There are 2 protein chains.
Amino acid sequence: MKDVNTDALRGHMDALLLSVLESEPLHGYAIIEALQERSGGALNVPTGTVYPALRRLEQAGYLASEWATVGGRKRRTYRLTSAGRTALAGERSAWRRFASTIGSVLEPRPTK
Amino acid sequence: MKDVNTDALRGHMDALLLSVLESEPLHGYAIIEALQERSGGALNVPTGTVYPALRRLEQAGYLASEWATVGGRKRRTYRLTSAGRTALAGERSAWRRFASTIGSVLEPRPTK
DNA sequence: AGCCTACATGTAGGTGTTCTACATGTAGGC
DNA sequence: GCCTACATGTAGAACACCTACATGTAGGCT
């Protein structure tokens, strides 16, 4: 599967991150793997994008985190706050609107 | 209809511009109107975005332009080059891939 | 005359999210 | 001793978009 141009993700990253955290808390590395998995391998988001973005979302109040040590390795595990759930719902509807808008321009149905 | 967040357009602008020029040449102002129309009013792209973008696309070889005077007003009319048509096809398939990727993460089908 | 809206193009400067590249460290297999 | 996977993080650059401004014509209303 060809990679999507990650530059095009601008503005949709938050939605993706909130979405993979919806069903269970995950740490950064696992989030990256989850994105790859869910996208069928199309989404290879670099660590330099994910970690700062997670901090941003935590500061915004959408995520909360705590440290854990598993197998001698330290992890920071993030979970959705209730504000995060609300934000996710908003991101989802914004995405649907966005996709349908772009679609309507890119592949217009012939009117006649 | 609620506006889409135009900031999220980052990376998809070229596709939109090439797409509205597919069936007929248009000048900048008309392009903005065409985008509004096709999107059902959701797409209000500011002139400060469109005009520089058109120049960028012309420099890339995807568009060609010529001046015209209509009703005392000067217009720069853009048309797709053949390279532009090829680029548009690429943008379309990139968009489909992108939308399906984001969709698969944002609204995963339950596997069980 | 004066004002407003629609039409029409363009530039300057700022913003912000993303990228690339680097830095650091543990665990475990070969 | 080396490599890969696991794991987090920072610094700095890139760049496409935004806001705000600048300029000018045409035409309607008062």
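Predicted model, so just to flag it, every value in this text is computed and none were measured. By convention in this document, chain letters (A, B, ...) are assigned in the order of the sequence lines, proteins followed by strands, and residues within each chain are numbered from 1.
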* Structure fact -> So salt bridge (Lys or Arg N to Asp or Glu O under 4.0 Å) across residues 70-85 of chain B, not counting sequence neighbours, yields none
Got a list of protein N/O to nucleotides 27-30 of chain C N/O distances below 3.5 Å?
residue	atom	partner	partner atom	Å
C:dA27	O4'	A:R73	NH2	3.0

* Side-chain heavy atoms of B:L43 within contact of B:L9, under 4.5 Å -> yes
* Determine which pairs satisfy salt bridge (Lys or Arg N to Asp or Glu O under 4.0 Å) with at least one residue from residues 43-53 of chain B, sequence neighbours left out, and list them in order. => none
* Structure fact -> Taken in chain and number order and not counting sequence neighbours, the residues that satisfy side-chain contact (heavy atoms from CB on, under 4.5 Å) with A:T47 are A:I32, A:Y51
Where do N or O atoms of nucleotides 13-17 of chain C meet protein N or O atoms at under 3.5 Å, pair by pair?
residue	atom	partner	partner atom	Å
C:dG16	N2	A:R10	NH1	3.4
C:dG16	N2	B:R10	NH1	3.4
C:dT17	O2	A:R10	NH1	2.1
C:dT17	O2	A:R10	NH2	2.6

Just the atom pairs and distances: protein N or O near nucleotides 9-11 of chain D's N or O, under 3.5 Å.
residue	atom	partner	partner atom	Å
D:dG9	OP1	A:R76	NE	3.4
D:dG9	OP1	A:R76	NH2	2.9
D:dG9	O6	A:T47	OG1	3.3

* Asked: How long is the line joining CD of B:Q36 and P of C:dA8, in whole Å?
  -> 14 Å
* **Which residues share a ring-ring contact (aromatic ring centres under 6.0 Å, His included) with B:H27, sequence neighbours left out** => none
* Asked: Looking at CG of A:L106 and CH2 of B:W95, how far apart are the two atoms once the value is rounded to the nearest 0.5 Å?
  -> 7.5 Å
* **A:M13 side, atom CE; A:L57 side, atom CG - distance, nearest 0.5 Å** => 9.5 Å
* Structure fact -> Hits for side-chain hydrogen bond (donor to acceptor under 3.5 Å, both in side chains) against A:R55, two or more places apart or cross-chain, chain-then-number order -> none
* Kindly check if the number of other-residue, nucleotide or ligand heavy atoms within 6.0 Å of OH (A:Y62) is above 12? => no
* When the distance from CD1 of A:I102 to P of D:dC17 is rounded to whole Å, what number comes out? -> 11 Å
* **Gap between atoms CG and C1', on A:L54 and C:dT18 respectively (whole Å)** => 14 Å
* To do: To the nearest 0.5 Å, tell me how far A:T77 OG1 sits from A:L26 CG.
  => 8.0 Å
* For A:L63 and D:dT8, what is the distance between atoms CG and C1' respectively, to the nearest whole Å? -> 16 Å
I'd like a table of donor-acceptor pairs (distance under 3.5 Å, sequence neighbours excluded) in which one partner is a side-chain atom from residues 17-25 of chain B, with atom names and distances.
residue	atom	partner	partner atom	Å
B:S19	OG	A:V105	O	2.9
B:E22	OE1	B:R92	NH2	2.8
B:E22	OE2	B:R92	NH1	3.4

* Just by modelled atom types, is the B:S65 backbone N or O under 3.5 Å from a matching donor or acceptor in the B:E58 side chain? -> yes
* To do: Please list all pairs passing the salt bridge (Lys or Arg N to Asp or Glu O under 4.0 Å) test where one or both residues lie in residues 29-42 of chain B, with sequence neighbours left out.
  => none
* **Whichever of A:D14 and B:V70 has its nearest DNA chain C nucleotide further upstream toward 5'** => B:V70
* Structure fact -> dist B:L54:CG -> B:I31:CD1 (nearest 0.5 Å) comes out at 4.5 Å
* **Runs of at least three consecutive pairs that involve DNA chain C, where pairs are Watson-Crick or G-U with distances under 3.5 Å** => C:1-30 with D:1-30
* **Pairwise side-chain contact, B:L63 with B:T81, heavy-atom cut-off 4.5 Å (strictly under)** => no
* **Sub-4.0 Å heavy-atom contacts from residues 25-34 of chain A onto DNA chain D, ordered by number** => A:H27, A:G28, A:Y29, A:E33
